[in-house]
Amino acid sequence: MNDILPIVLSILAAVVVIGALIPVLIKTRRNITRYPDTRDANDPEVRSGGGTAVDDSTGTIERGTPGGAGPDVVDTTTVPDDAAGLETIPVETPLPVAGRLTRLRERLVRSNNIMGKGLLALLSSDRIDESVWDEVEETLLLADLGTEPTMQLVDALRERVKVLGTRTPDHVKAMLREELIKLVDPTMDRSLNVERHADKPAVMMVVGVNGVGKTTTVGKLARVLVAEDKDVLLGAADTFRAAAAEQLATWGQRVGVPTVKSDIDGADPASVAYEAVKAGIEQEVDVVMIDTAGRLQNKVGLMDELGKVKRVVEKLAEVDEVLLVLDATTGQNGLNQARVFAEVVNITGIVLTKLDGTAKGGIVVAIQRALGVPVKLVGLGEGADDLAPFDTESFVDALLN
């Protein structure tokens, strides 16, 4: 009996050690994932052993990922399987969307807008001659409405003033409200494409240059979706800006939303995006939101990277929504940014941040005209719940009050 006991104890010890190693092996296997073997025509060629790959069709040079992996290899990422770490930040309950619309109007009413108030003052004058119409045009152009929409609005106002023959403040306000609503276009579909598919989550990419509040917008939009009872997962694919992943993860933790991010500095953004969508499919979430890098929009490398991120994600699931974040205070510069991004990814909606304060309301019309896509969300301040769905009538009413 004494001879058998040491053998039994050795067997038990071996079983315990093997049992402890199994989860580690599984986790390691899961985190080291490669893209599908198939490669679409736009993906750059991958050289064995990593390093640098050259796309012969464009001449674009792409650096290999850290560790010698090629550009089409998925980096090791951290994919949370549970709510580990969420207890460090209290989970908050986001405000309902309806309350946000009310605050949108209140904020815009208090803002320093020059558009609505200036127009009302001019059109309520005792006498409206050519000099007044010149001032109306100037006011609209200063509000970043754009040349074509300005001429359209002025022509419509001229005709209505001539026909009606009245310029009481109430009549002028009603007339101006109707024409502005037409310009902002209430027929555009401003709903977000965030409905889960039968077997896959809805996928949303958020793009824009650095400094417009892109990562913050992703975090705030996660709060909007959580308030609508959506199960959300975030992907931190902005791997070039220091602390961007940690910033996004903090936003997610505040509302109990997990974040997929890489532990490698400068990791391949497409790799992180791929892992985020893969985790979203496995965890059966409703929406996967991917935050992307935002270096200067005129850098060819960034545009190529965004195109690659979208192509790689589409190997797993369709990209349902591509939101472009713009700073409303940048005016026509924002329009130039929008055009560049639209050439690379199929933008489906605009998010305008910093619309309160000194922002010029005409930029809403100008951007929609330039891209043919609607403004879907507006940011009105620094608060966590200061992001609201855009509503045409509420926006125009705020300008005129």
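Hydrogens, waters and symmetry mates are skipped; everything else that's a heavy atom, side chains included, is used.
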Visitor: Can you see which heavy atom on R369 is nearest to which on P149, and at what distance?
Guide: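 Scanning both residues, the minimum pair turns out to be NH1-CG, 3.8 Å.
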Visitor: Quick test of your reading of the model: are D385 and K220 salt-bridged, counting only N-O distances below 4.0 Å?
Guide: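 Looking at D385 and K220, the cut-off is not met.
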Visitor: Any donor and acceptor pair, going by atom type alone, linking the side chain of K376 with main-chain N or O of S191 inside 3.5 Å?
Guide: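 Yes; at least one donor-acceptor contact below 3.5 Å.
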Visitor: What's the spacing between E137 CD and E130 CD if we round to 0.5 Å?
Guide: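 So the CD of E137 and the CD of E130 are separated by 8.5 Å.
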Visitor: Are K230 and E195 close enough that some pair of their side-chain heavy atoms sits under 4.5 Å apart?
Guide: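 The answer is yes; the side chains approach within 4.5 Å.
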Visitor: Counting only N and O atoms by type, is there a donor-acceptor contact under 3.5 Å from the side chain of E179 to the main-chain atoms of L153?
Guide: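 Here the side-chain-to-backbone pair does not exist.
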Visitor: Ignoring hydrogens and angles, tell me if any N or O in the side chain of R196 forms a donor-acceptor pair with the backbone of V285 under 3.5 Å.
Guide: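 Such a contact is found between R196 side chain and V285 backbone.
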Visitor: Has T348 got a side-chain atom pairing as donor or acceptor with V373's backbone, closer than 3.5 angstrom?
Guide: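 Checking the backbone N and O of V373 against the side chain of T348, no donor-acceptor pair under 3.5 Å is found.
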Visitor: Kindly check if the number of other-residue, nucleotide or ligand heavy atoms within 6.0 Å of CD (E314) is above 12?
Guide: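 Result for CD/E314: enclosed.
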Visitor: Between L145 and A366, what is the shortest heavy-atom contact and its length?
Guide: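 Closest approach of L145 to A366: O-CB, 3.6 Å.
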Visitor: Decide yes or no on salt bridge (charged side-chain N to carboxylate O under 4.0 Å, His left out) for D291 and K214, but give the supporting numbers first.
Guide: CA-CA 8 Å; D291 182 26; K214 180 167 47 60; 3.4 Å; yes
Visitor: Write down the atom of A237, the atom of I290, and the distance for their closest heavy-atom approach.
Guide: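 Looking at all heavy atoms of both residues, the closest pair is CB-CG2, 3.7 Å.
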Visitor: Apply side chain to side chain contact (heavy atoms under 4.5 Å, CB included) to residues F341 and L306 and explain how you reach the verdict.
Guide: CA-CA 9 Å; F341 278 96; L306 287 177; 3.4 Å; yes
Visitor: Could you tell me whether a side-chain N or O of Q368 sits under 3.5 Å from a main-chain N or O of V184, the two making a donor and an acceptor?
Guide: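 Such a contact is found between Q368 side chain and V184 backbone.
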Visitor: Determine whether E305 and D268 make a side-chain contact, defined as any pair of heavy atoms from C-beta on separated by less than 4.5 Å.
Guide: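 E305 vs D268: side chains touch.
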Visitor: With no hydrogens and no angle check, is any side-chain donor or acceptor of R190 less than 3.5 Å from a backbone partner on P374?
Guide: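 No; zero donor-acceptor contacts below 3.5 Å.
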Visitor: For V194 and V287, work out which heavy atoms get closest and say how close.
Guide: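 Heavy-atom minimum between the residues: O-CG2, 3.5 Å.
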Visitor: Find out whether V375 and F395 are in side-chain contact, i.e. whether some heavy atom of one side chain is under 4.5 Å from a heavy atom of the other.
Guide: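 A side-chain contact is absent here, since even the closest heavy-atom pair is not under 4.5 Å.
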Visitor: Would you indicate whether the side-chain heavy atoms of V257 and W251 approach each other to under 4.5 Å?
Guide: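 When only atoms from C-beta onward are counted, V257 and W251 do not touch, as no gap falls below 4.5 Å.
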Visitor: Quick one: do L387 and V351 satisfy side chain to side chain contact (heavy atoms under 4.5 Å, CB included)? Show the steps, please.
Guide: CA-CA 9 Å; L387 183 74; V351 181; 4.0 Å; yes
Visitor: Short question: side chain of T353, backbone of V212 - any donor-acceptor pair under 3.5 Å?
Guide: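 Pair found, side chain donor or acceptor close to backbone of V212.
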Visitor: Look at atom CD of E246 and say whether more than 12 heavy atoms of other residues, nucleotides or ligands are closer to it than 6.0 Å.
Guide: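 Buried by this count: over 12 neighbours within 6.0 Å.
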Visitor: Would the distance check show the side chain of K200 and the main-chain N or O of L316 forming a donor-acceptor pair, the cut-off being under 3.5 Å?
Guide: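 Checked: pair present.
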Visitor: Taking all non-hydrogen atoms of both residues, which atom of I347 and which atom of A338 are closest, and how far apart?
Guide: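 Heavy atoms of I347 and A338 come nearest at CD1-O, 4.0 Å.
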Visitor: How close do P201 and D320 get, heavy atom to heavy atom, and via which atoms?
Guide: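 The answer is O-OD2, 4.2 Å.
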Visitor: Return yes if some donor-acceptor pair links the side-chain N/O of T215 with the main-chain N/O of A244 below 3.5 Å, else return no.
Guide: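 No, because the side chain of T215 does not come within donor-acceptor range (under 3.5 Å) of the backbone of A244.
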Visitor: Please determine, by modelled atom types, if T292 and D238 share a side-chain donor-acceptor pair under 3.5 angstrom.
Guide: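 Side-chain D/A pair, T292 to D238: absent.
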